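Remarks on the structure that follows.
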Amino acid sequence: MAKYFPGIFILLCLVNPFLSAEVPSVTTALGTITGETKRVIFQKKTYDVDRYLGIPYARPPTGELRFKKPQPYGPFVEAYSATKFGLSCLQSFLIPILPAENTSEDCLFLNIYVPRQEPDQPSGHAIMFFIHGGAFLMGSGKIYDGGVLSSVGNVIVVTINYRLGLLGFLDIDNEKSSGNFGLFDQRLALQWVNENIGAFGGDKDRVTIFGESAGSVSVSLQMMFPQNEELFRSGISESGAIMLPGLYQENNIEVAKYHAEIMNCNVEDMDEVFSCLHSATPEIINKAVSDAVASDSMTTIVKLRIVPTIDGEFIKTNPADLFRKAVAEDCEEINFFRTRKLMNGVNGKEGAMLLLSLGPDNLDELEITREQMNTLQIPGALALVYGQRTVPEVVKQLLIAEYTDWKNPDDPKTIREELMRLFGDINFNVPAIEMSRIHSNASDVDSYLYNFVPVLDKHIFPAPNWINMSNHGDELGPVFGYNIDFEALLNISDYTPPEWELKLSERMMAYWTNFAKTGDPNKPVSDAVSSVVWPKYDVTSQSYIKIDREDSVGQYLFARETDFWKNSLSAVFDATEHVQTITSQYGSKDEQTCEKDGTCG
Ligand SMILES: *[C@@H]1O[C@H](CO)[C@@H](O)[C@H](O)[C@H]1NC(C)=O
Ligand SMILES: *[C@@H]1O[C@H](CO)[C@@H](O)[C@H](O)[C@H]1NC(C)=O
Ligand SMILES: *[C@@H]1O[C@H](CO)[C@@H](O)[C@H](O)[C@H]1NC(C)=O
Ligand SMILES: *[C@@H]1O[C@H](CO)[C@@H](O)[C@H](O)[C@H]1NC(C)=O
């Protein structure tokens, strides 16, 4: 633990938020690490938090180490000064907040925020390890400042960078580049925490991983990787379940070729594609991305998408198959998942963000015609969920019926609302419920579910003004005590949210850090912040908490939608496919009717 003299601090604080006179310093097995103390304010209370920024946890993944699993950084030669964020990883999609000059291939750093209060347990502070989102293509740990969460919640917060896009996930189906490096980076950072966090006053037996969007998918992937046994005991998944449709491919050879092509390399031969990508400088990679995005941003994000694959090592089996298998038989990944406590949730209108794919400029006036819905959006959704399978007409009709407001079926404004619901259900809501069900069924370990719905003063990501619940990402502000980089994200300096949001934030930080400390979001901080007891989730009661201006308890969140997608629609799909097989076998003239078990009359 850092040595400090509170008296001196109080004096210095009056003049300088950075208390440089007494530098916090810890001695780890890797050497001494010095940080800085920062003063943060939340709800008029001030806190001092020690932070250690930009600690390298892996050797730079450059040169021969590009497209390889990360290697531990090892010991420091001299005392390591951890007072500046490390550079962010190369972004595989352009975002103004992380311009190319602020990124680097040498980016495997972590940041640690340590509160000054006594820990809640003699064994040390609980640890919250954050995995940022950004579609596995974008983002950085430094956007999410752990200072307030750490201070108010009295936990250690760790944020990390991990490799993204091409450099993080290239999988060409051979040992030259086998993919999922970004997931191995996350894991190596967790191992670093496991080995060294004790020196910072942390209790390595109380690590909770949490993440949003792709960070949340990462949380669920880490929770299904049995070799992580020692590394954490619980996970928080915010808006991103493992079963994101269309996410997992066997490799990303096609996307690799697309990258090589825009770098003017020969794409006929995979060895040449590999050498091209392996020797490309970061400048060339960045230029390829920016040229591609400039030409056509929305379709390009799909072409540039190099994300986790079924590499046979980190992900052995497509999670969809795992989930199906787990209902009937034992499987190692799900067994491991069921030994970690889970807090899982989605926001009110997750689908709003995906409306951006329809053209980001006219979201407020967006209208969708019946024609567009039926001939473009519904088939698109089915293609996403069912991939290459030919979708029978009856399945399409069922889907149209389900996502129609029958009081007003042809109003372009109700249709846009239904489209948003469709996007939300497929990509977030149904996968989240499926994951909570799998986790809690036949399991002794606690599972919690939330739905975060309030419309906040500011959305983190662009959203149409007509949505009446929270968008994707909106819970991040309250979870971090509004200490995320609003200037970078929204071009607002010194953002102060309305008072009710600060109260909401106080409750959410209590739920989140309670869960990290005790495994129960209601303990130890309860009545003072929330009057509601958040019940456990199980497949029978299906209880959850609805987080709003006033929190409340609900049941059966997205139960109808989950049944529709997982049971009704699939059953119709399978039955129709079966009838088609039989009729093509026996000739369709006979007009036979066949049962699902194959008997035909
Ligand atoms: C990029 O880095 C420079 C130097 O650290 C900093 O001044 C600048 O604000 C950064 N830009 C962004 C958009 O973060
Ligand atoms: C729970 O598990 C049982 C037994 O494995 C299975 O029959 C049932 O379908 C599962 N329920 C849900 C909701 O997944
Ligand atoms: C939001 O809008 C939808 C569709 O118009 C409506 O059904 C729902 O009740 C509204 N919810 C809230 C919280 O206002
Ligand atoms: C940020 O806001 C300032 C002042 O409101 C404005 O001048 C500037 O153009 C904005 N920057 C961006 C990138 O929108």
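For clarity, every value in this text was computed on a predicted model and none was experimentally measured. Counting starts at 1 for both ligands and their atoms, in listed order.
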Any N/O pair Arg437/ligand 2 closer than 3.5 Å: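 No; every N/O pair is 3.5 Å or more apart.
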Classify the angle between the aromatic ring planes of Tyr448 and Phe515 as parallel (below 30°), tilted (30 to 60°) or perpendicular (above 60°).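 Plane angle over 60°, so perpendicular.
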Ignoring hydrogens and geometry beyond distance, is a side-chain donor-acceptor pair present between Tyr511 and Asp551 at under 3.5 Å?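 The answer is yes; a qualifying pair exists.
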Who's the nearest protein heavy-atom neighbour of [atom], and how far?
atom	answer
atom 13 (C) of ligand 3	Met469 CE, 4.0 Å
atom 5 (O) of ligand 2	Val327 O, 2.9 Å
atom 14 (O) of ligand 2	Asn441 ND2, 3.5 Å

Would you say the ring centroid of Phe336 lies under 6.0 angstrom from that of Phe225?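 Ring-ring flag for Phe336/Phe225: false, centres at least 6.0 Å apart.
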Taking the ring of Phe130 and the ring of Phe480, is the distance between their centroids below 6.0 Å?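 Phe480 vs Phe130: aromatic centres under 6.0 Å.
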Does atom 7 (O) of ligand 3 have any protein heavy atom closer than 4.0 Å?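 Under the 4.0 Å cut-off, atom 7 (O) of ligand 3 has no protein heavy-atom neighbours at all.
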Option set Ile467, Asn408, Asn468, Asp548, criterion heavy-atom distance to atom 2 (O) of ligand 3, minimum: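 Heavy atom nearest to atom 2 (O) of ligand 3 belongs to Asn468.
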Salt bridge or not for Asp574 and Arg389, using N-O below 4.0 Å?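 Arg389 and Asp574: salt-bridged.
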